[in-house]
Structure formats: structure tokens, C-alpha cells
Amino acid sequence: MIDVEGIDVSYGSIQVLWDLSFHVSEEDRVVSIVGPNGAGKSTLLRVMSGLHPVDSGTVTAWGADVATLDPSEVVERGFVHVSEERNLFGDMTVRENLEMGAYTRRDTLDETMQEVFELFPILEEREDQRAESMSGGQQQMLAIGRGLMARPKILALDEPSEGLAPQITNRVFEKIDEISEEVTVLLVEQHVHKALRLADRAYLLENGEFVTEDTGPALLESEHVKEAYL
Ligand code: ATP
């Protein structure tokens, strides 16, 4: 479980998260964080991954203060973050990218790769192809597949629909729904409707603060969300 307690976060002298608290545990299926551009969603994921420090407050991952952990130790504990940029190794093959994802889990690599291929058959078909030659949707599936190779308990996906055509976005969301039967998904999205429909718990982040928390369907019905985002 990841527990975020009263964090303030800045870039230099500019504060972007204000006294934020929330938690996500393996009991959850999908937790969504939605909000406009620049609200601080990606920053929150970076902080949870140990990639950016807090000014005050704490983030604990299964009992350990993330500030004392190396980012790879956060992954080993079970929190994997697929960033908006996807960060694939473009000149490496699909298979090699998946292998890189298993750097903390060499022992289960073959077994997990088989599971990832069952979820995304296109990755098996293209396993010897260079990642950069794949379409945007395929690259997103590869990025998610690579995240799963670390066998996370909680998989955080930052804007998985970014840059994808509507039909491909729908495919990606179907896959996220499928993944959430096995692994808790923390979903950060600007596609408010899709992200809330899937969520059993959801937060609206604006200007670095949570303005509302509820079940996904209840937030979808809230006047504020309807007026501002739908
Ligand atoms: P987006 O969907 O556009 O990524 P977001 O909700 O994820 O939005 P963040 O990327 O976390 O928001 O950005 C929050 C604020 O922090 C924004 O004002 C942004 O300009 C600023 N910011 C983000 N990264 C940096 C950085 N590396 N240096 C300075 N400021 C940054």
C-alpha cells in the first residue's frame, strides 16, 4: 500500500502540490486521478515513485518512507509507474524492452512475458521489431506490458491515452479494465469520462489540491465535473 500524507511539493521556488493526502492499496481495483493540464498529476506519480522529493509530508510504500528508498526499491516493493513519455528504448526490440522491465524480477521473466503476450498478442507477433517502428497504440501497449514485467502490486499509468486516436484509446481502456482484475491500477487521465467510469475511487485534482473525492460514477454525476470536464 502507498500512503501519501500531507505532502507539499515544489519545483524550485514554485509550489505545485499543496498538503495532499491519499492512499492506494492492493484492495483497490482502479483508483483514478483526473484534472486539467498542469494540475500536478504527473508530479504526484513522480513523488510516489521516489523520483522527486517532497518539501514536507511523507509518502510510504508498504511501510517504508519513499524518501529513504532508491526508485528501484519502490519498484521492487510493488509500485510501478508507466510515465507519460513511455520511455521505451526505441532502437531495441519489443522483446528486449519487455526484458528491461523485468530487471527486478529475473526469476519470473519467462512466465511473466507469456502473461503479457496473452494480454497483448500484438507484442508477441512483433517481438523482434524495433520499438520505434511500432504505432502509437502499440507503443503504449508495450509501455504497459513493460510495466507489468516487474510484477507490480500497483500499476500507475500516466495519461495512457495521450496522443492516441479514439478507437485505439478505447482498446487501451479495455486492456486497463482487464489488467485491473489482477493488479491494482492507479490511473491518471485527462480523459475524464473513461477514467471515472472505471474507477471505484476517484479524485479531482485542481491547482495541486484535491477538490473532490468519491466513487468514479458519483464523480461523473457531480455538477462540478459535468460543467468543467464533460
Ligand atoms: P499534464 O497532464 O500537463 O502533465 P499534470 O497534471 O500532470 O499535467 P504536472 O506535469 O505534474 O501536471 O505539472 C504541475 C505543475 O508543475 C505545472 O505547472 C508544470 O508546469 C510544473 N512542472 C512540471 N514539471 C516541471 C519541471 N520539471 N520543472 C518545473 N516545473 C515543472
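Indexing begins at 1, ligand by ligand and atom by atom, following the structure's order. Worth saying up front: this structure is predicted, and the values here are computed from it rather than measured.
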When you look at Y203 and R201, which way does the side-chain hydrogen bond (donor to acceptor under 3.5 Å, both in side chains) test go after all the steps? CA-CA 7 Å; Y203 298 81; R201 198 146 50 79; 2.5 Å; yes
Is the shortest side-chain N to carboxylate O distance from D177 to R29 below 4.0 Å? yes
Looking at K41 and E84, is there a salt bridge between them, counting it only when a charged N and a carboxylate O are closer than 4.0 Å? no
So if I only count non-hydrogen atoms and take anything under 4.0 Å from ligand 1, which residues does that give, chain by chain? Y11, V16, P36, N37, G38, A39, G40, K41, S42, T43, R46, E84, E159, Q190
Result of checking M1, M48, K153 against V24 for side chain to side chain contact (heavy atoms under 4.5 Å, CB included): M48
Flag for Y103-S72: side-chain donor and acceptor within less than 3.5 Å: no
Ion pair present between K194 and E189, side-chain N to carboxylate O less than 4.0 angstrom? no
